[in-house]
Amino acid sequence: MKIATWNINSIRARIDRVISWLDRHEPDVLALQETKCRPDQFPFEQLHERGYHVEALGLNQWNGVALISRSPLEHIQAHFADVPLFGDGSEAEPRALAATVEGIRVYSLYVPHGRSLDDPHYRYKLSWLEALAIEAGSIADQPVALTGDFNIAPTDADVWDVAVFEGATHVSEPERAAFQRFLDLGYSDVVRTFVPEGYTYWDYQRLRFPRNEGMRIDFILTSPPLTARVSGAMIDRDERKGKGASDHVPVMITID
DNA sequence: ATGGTTGCATCGCAA
């Protein structure tokens with residue numbers, strides 16, 4: 001069984017790339033982030049034609065997450081317990097969607113960016129991660145995959161030049177502590193075991209991809225019962241190439 | 001050129 005995650009940066013702009021990637025890599029589950037549309041705008045048809053089950057969560061042109069699966073998606077959950085609201089919003093942003101597939105609880109997660117260390121969005125990011133960790137901890141004895149764009153580079157090796165990020169988000173101590181919390185709960189950054197080097201995101205600006213100036217910020221964190229079953233992983237760097245690429249690439253694990 | 005892309009509710013914002 002294969003579980004993948006991909007920040008697609010607009011599903012409508014890139015549905016052809018998604019279909020092509022599904023055809024070539026045949027994941028059993030693909031979690032998407034930044035779908036950037038409401039469910040009524042989501043291109044379900046082409047996915048249903050290929051036999052996939054699809055659940056999508058979206059409010060407007062921002063954020064948005066989805067789960068695409070060969071097997072039925074069961075016990076679907078939007079958001080998670082005590083998810084914080086941002087600003088004066090009355091409704092949770094569409095950043096988390098979970099479902100059970102063949103006994104594995106899969107989360108598609110789009111962690112808030114944070115914007116800057118003095119921005120309310122940064123405090124929102126930390127409280128969002130704290131609430132997620134509480135839920136993740138409560139189910140860590142079951143097979144769980146926390147997948148998605150964490151918007152955190154956990155180590156200095158996860159950015160091309162840490163000096164560039166001095167005083168910026170993604171590398172701050174509180175963000176890294178929030179990431180470490182999942183590891184302390186028993187979750188494993190299992191892709192790192194199989195793919196010790198490599199980025200998952202390169203900014204569109206400043207020739208970041210040709211220069212390989214990227215960041216490793218997309219993860220699949222597996223609970224102990226699932227970690228024991230992981231037999232391989234890949235980061236599909238090639239998907240960043242060519243016209244019309246997302247700024248993130250797919251990350252995938254293989255489970256026995 | 002010391003640098004500047006992408007997607008969208010498109011001329012402003014978020015990433």
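Hydrogens, waters and symmetry mates play no part in the numbers below; they use all other heavy atoms, side chains included. Residue numbers start from 1 in every chain, and the chains themselves are labelled A, B, ... in the order their sequence lines are given, proteins ahead of strands. From a predicted model like this one, the values you see are computed outputs, not experimental measurements.
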Seminar exercise, completed: Taken to the nearest whole Å, NE2/H248(A) to P/dT5(B) is 18 Å
Exercise. Which residues satisfy the salt bridge (Lys or Arg N to Asp or Glu O under 4.0 Å) test with D23(A), sequence neighbours excluded?
Worked result: R50(A)
Seminar exercise, completed: Between OH of Y204(A) and C1' of dA15(B) the distance, given in whole Å, is 10 Å
Exercise. If you look at every strand shown and take non-hydrogen atoms under 4.0 Å, does R38(A) touch a base, only sugar-phosphate, or nothing?
Worked result: nothing
Exercise. Nearest-Å distance, CD1 (I217(A)) to P (dA15(B))?
Worked result: 12 Å
Problem set entry | Rounded interatomic separation in angstrom, taking NZ from K243(A) and P from dG7(B) | 9 Å
For this session: Figure out the NZ/P separation between K241(A) and dT5(B), and round it to whole Å.
Result: 22 Å
For this session: Please report, rounded to the nearest Å, how far the P atom of dT5(B) is from the CZ atom of R240(A).
Result: 13 Å
Problem set entry | Toward the 5' end of DNA chain B, by each residue's nearest nucleotide, I11(A) or G114(A) | I11(A)
Exercise. When the distance from CD of E213(A) to P of dT5(B) is rounded to whole Å, what number comes out?
Worked result: 15 Å
For this session: Determine: side-chain N/O of S10(A) to OP1/OP2 of dC8(B), distance under 4.0 Å, yes or no.
Result: yes
Exercise. Hey, any chance V249(A) and L22(A) share a hydrophobic cluster, counting ILVMFWY side chains that come within less than 4.5 Å of each other, even indirectly?
Worked result: no
Problem set entry | Partners meeting salt bridge (Lys or Arg N to Asp or Glu O under 4.0 Å) with K36(A) (sequence neighbours left out) | none
Exercise. For the pair made of CZ in R208(A) and C1' in dT6(B), what is the distance, rounded to whole Å?
Worked result: 15 Å
Problem set entry | Any residue meeting salt bridge (Lys or Arg N to Asp or Glu O under 4.0 Å) with R17(A), in chain and number order, not counting sequence neighbours | E239(A)
Exercise. What residue pairs, at least two apart or across chains, pass ring-ring contact (aromatic ring centres under 6.0 Å, His included) with a residue in residues 53-83 of chain A?
Worked result: F80(A)-W128(A)
Exercise. How do N151(A) and A13(A) order along DNA chain B: which one's closest nucleotide is nearer the 5' end?
Worked result: A13(A)
For this session: Report yes if a side-chain nitrogen or oxygen of R14(A) is closer than 4.0 Å to either non-bridging phosphate oxygen (OP1 or OP2) of dT6(B); otherwise report no.
Result: no
Exercise. Looking across every strand, which nucleic acid part, if any, lies under 4.0 Å from R12(A) by heavy atom: base, sugar-phosphate, or nothing?
Worked result: sugar-phosphate
Seminar exercise, completed: Contacts of D149(A) meeting side-chain hydrogen bond (donor to acceptor under 3.5 Å, both in side chains) (sequence neighbours excluded), chain-then-number -> N7(A)
Exercise. Any side-chain donor paired with an acceptor under 3.5 Å for Q33(A) and T5(A)?
Worked result: yes
Pairs under 3.5 Å (N/O, protein and nucleotides 10-14 of chain B):
none

Exercise. On a whole-Å scale, what distance lies between the P atoms belonging to dT2(B) and dG7(B)?
Worked result: 24 Å
For this session: Measure from the side-chain heavy atoms of E34(A) and tell me the nearest of dA15(B), dG7(B), dC8(B).
Result: dA15(B)
Exercise. So what does Q41(A) touch, heavy atoms closer than 4.0 Å: a base, only the sugar-phosphate, or nothing?
Worked result: sugar-phosphate
